[in-house]
Amino acid sequence: MKCDQCPRHCHTERTEDHYGFCGVGELPKIARAALHFDEEPPISGTHGAGTIFFSGCNLRCVFCQNYDISEEHQGVVITPYQLSEEYRRLEALGAENIEFVTPSHYIDAILESLTYYRPRLPLVWNSSGYDSIDALQRLDGVIDIYLPDFKYSDNALAKRLSNCGDYVETATAAIDEMLRQQPETVIENGVMKRGVIIRHLVLPSHTKNSIGVLETIAQRWNVSEKTENGTRTPVSLMAQYMPAGKAADYPDIDRKLTKREYHKVLNKFMELDLDGFAQELESSDKKYVPEWDYGNN
């Protein structure tokens, strides 16, 4: 197939030994499929999110904490039918949902897998925010919860750190589409059933970027009058950054956040009266990075 599943539009014939920009072939390659308890409270719930971590990525974030799978492509290639069997297994374990993590380059395989088995659980699309509108429209009526990143308010920074010079407009349009599909935040007994949570990871040395992101969210998506039902879009402010991947080659991000930096962004979060969640600085710890053990469990 000539791939057109993400905004890169690389039109590569992705096969077992010929990869697209994402670094992987057509069949899904996964590095982990397990219950995960470190997501936002309404995503993890009591029993954990049923997370499926896909290998490869359509960004090139030099600081990626999942670098082993996003850039080095660790994982096991499976068929769409085998992927559907993972839904059954996670559902049987009591998962609150089925969460697709970094799935944007596998839309075809995911949609095919759901023809074999559609779990009786919410489906979560956990992406970088760098999704194409055409691809997202194929997910309309399929995905219950969108969990996009909104990484940058500065395209120059996005180009430098993620090799993505059109990130701002692309992610903005993608989140618009996600909210068109799921405008209402529905949480029952502490567990999210439908809606959108916008995530933002604060980077060291770049609080201006984070403040720009929060201001965009407040102006564009967190105003109750802009939704039919008066609900506001939750925001997840993340402090879990730690140097990983190629961050050592970039002195401005080759360290953890300082308390002063994070509090500056957190104060803006509160000043803008955003709904949602804010991590503690202690979340910046390698113990929160999953083990890529698919095929060994």
Side-chain angles (χ1 to χ4, degrees), residues 6-8 39-40 42-43 57-66 70 99-104 124-133 135-136 139 143 145-183 185 192 195-204 206-223 226-227 231-241 253 257 261-262 264-266 268-279 283:
C6 88
R8 297 286 181 183
E39 304 290 40
E40 288 76 8
I43 300 296
C57 187
N58 63 0
L59 293 186
R60 288 287 185 272
C61 299
V62 298
F63 53 83
C64 183
Q65 71 175 25
N66 296 345
S70 65
E99 181 184 10
F100 304 117
V101 182
T102 318
S104 303
V124 182
W125 191 260
N126 178 342
S127 80
S128 67
Y130 196 65
D131 291 294
S132 74
I133 301 304
L136 290 172
L139 300 173
I143 297 299
I145 299 167
Y146 285 101
L147 195 59
D149 290 339
F150 192 37
K151 295 178 181 290
Y152 301 106
S153 59
D154 177 357
N155 271 335
L157 186 63
K159 175 64 175 177
R160 176 171 173 261
L161 298 184
S162 297
N163 193 13
C164 188
D166 62 346
Y167 182 87
V168 178
E169 56 269 33
T170 303
T172 298
I175 295 172
D176 279 346
E177 173 61 21
M178 294 172 186
L179 281 162
R180 183 195 69 78
Q181 294 181 25
Q182 295 293 353
T185 303
M192 195 166 186
V196 178
I197 299 176
I198 303 172
R199 286 175 156 180
H200 175 67
L201 175 67
V202 183
L203 299 176
H206 295 290
T207 57
K208 183 178 179 180
N209 174 68
S210 292
I211 288 171
V213 164
L214 296 181
E215 289 175 341
T216 298
I217 292 171
Q219 294 164 9
R220 192 177 186 95
W221 299 306
N222 205 242
V223 181
K226 291 187 178 180
T227 63
T231 61
R232 305 176 76 197
T233 304
V235 181
S236 180
L237 188 66
M238 300 188 295
Q240 68 190 44
Y241 179 87
I253 60 170
L257 285 171
E261 286 174 321
Y262 188 53
K264 181 178 180 180
V265 179
L266 184 58
K268 176 59 70 171
F269 180 93
M270 294 186 288
E271 176 189 319
L272 293 169
D273 191 30
L274 296 172
D275 286 350
F277 317 90
Q279 285 183 331
S283 62

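Only this structure's heavy atoms are used, side chains among them; waters, hydrogens and symmetry mates stay out.
Taking each heavy atom of Val168 and Tyr152 in turn, the nearest pair found is CG2-O, 3.6 Å. Scanning both residues, Pro148 and Ile175, for their nearest heavy atoms gives CG-CG1, 4.0 Å. Between Asp131 and Pro7 the shortest heavy-atom distance is C-CG, 3.4 Å.
Tyr146 is not listed as a side-chain neighbour of Ile197, based on a closest heavy-atom distance of 4.5 Å or more. Glu261 has its side chain out of reach of Leu203: every pair of non-hydrogen atoms, C-beta onward, lies at least 4.5 Å apart. Contact check for Val196 versus Ile145: no side-chain heavy atoms found under the 4.5 Å cut-off. In this structure the side chain of Arg199 never reaches within 4.5 angstrom of the side chain of Leu237, judged on heavy atoms. Leu272 is not listed as a side-chain neighbour of Gln219, based on a closest heavy-atom distance of 4.5 Å or more. Between Cys164 and Arg60 there is no side-chain heavy-atom pair separated by less than 4.5 Å. No side-chain heavy atom of Ile143 sits under 4.5 Å from any side-chain heavy atom of Gln182. Taking 4.5 Å as the limit, some side-chain heavy atom of Glu40 sits within range of a side-chain heavy atom of Ser236.
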- Task: Please step through side chain to side chain contact (heavy atoms under 4.5 Å, CB included) for the pair Val213 and Thr216, ending with a clear verdict.
- Result: CA-CA 5 Å; Val213 164; Thr216 298; 5.8 Å; no
- Message: Apply side chain to side chain contact (heavy atoms under 4.5 Å, CB included) to residues Val124 and Met192 and explain how you reach the verdict.
- Response: CA-CA 10 Å; Val124 182; Met192 195 166 186; over 6 Å; no
- What's the verdict on side chain to side chain contact (heavy atoms under 4.5 Å, CB included) for Phe150 and Val235, showing C-alpha distance, side-chain angles and the deciding distance? CA-CA 10 Å; Phe150 192 37; Val235 181; over 6 Å; no
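One N or O on the side chain of Gln279 and one on the backbone of Gln240 form a donor-acceptor pair closer than 3.5 Å.
With salt bridges taken as basic N to acidic carboxylate O contacts below 4.0 Å, none links Asp166 and Lys159.
Atom CZ of Arg220 and atom CD1 of Ile198 lie 10.0 Å apart (nearest 0.5 Å). How far OH of Tyr241 is from CG of Leu201: 8.0 Å, rounded to the nearest 0.5 Å. The distance from the OG1 atom of Thr233 to the CH2 atom of Trp221 is 9.0 Å, given to the nearest 0.5 Å. Note that the CG atom of Leu266 and the OG1 atom of Thr207 stand 13.0 Å from one another [nearest 0.5 Å]. The CG atom of Leu161 sits 11.5 Å away from atom CG of Leu59, with the distance rounded to the nearest 0.5 Å.
In this structure, the side chain to side chain contact (heavy atoms under 4.5 Å, CB included) partners of Glu271, at least two apart in sequence or on a different chain, are Lys268. Shown here are the side chain to side chain donor-acceptor pair (under 3.5 Å) partners of Arg160, two or more places apart in sequence or in another chain: Asp252. Residues that satisfy the side chain to side chain donor-acceptor pair (under 3.5 Å) test with Ser153, not counting sequence neighbours, are Asn209. Remark: Ser210 engages His200, Val202, Val265 in a side chain to side chain contact (heavy atoms under 4.5 Å, CB included) (not counting sequence neighbours). When the side chain to side chain contact (heavy atoms under 4.5 Å, CB included) test is applied to Pro103, the partners found at least two apart in sequence or on another chain are Phe54, Phe100, Ile110, Trp125, Ser127. Remark: Ala173 pairs with Ile133 by the side chain to side chain contact (heavy atoms under 4.5 Å, CB included) rule, at least two apart or across chains. For Asp275, the salt bridge (charged side-chain N to carboxylate O under 4.0 Å, His left out) partners two or more places apart in sequence, or in a different chain, are Arg232. With sequence neighbours left out, Tyr262 forms a ring-ring contact (aromatic ring centres under 6.0 Å, His included) with no residue at all. In this structure, Glu99 has no salt bridge (charged side-chain N to carboxylate O under 4.0 Å, His left out) partners at least two apart in sequence or on a different chain. Here Asp149 pairs with Lys151 under the side chain to side chain donor-acceptor pair (under 3.5 Å) rule; sequence neighbours left out. For Tyr167, there are no side chain to side chain donor-acceptor pair (under 3.5 Å) partners at least two apart in sequence or on another chain. Taking Phe269 as the reference, nothing meets the ring-ring contact (aromatic ring centres under 6.0 Å, His included) condition, with sequence neighbours excluded.
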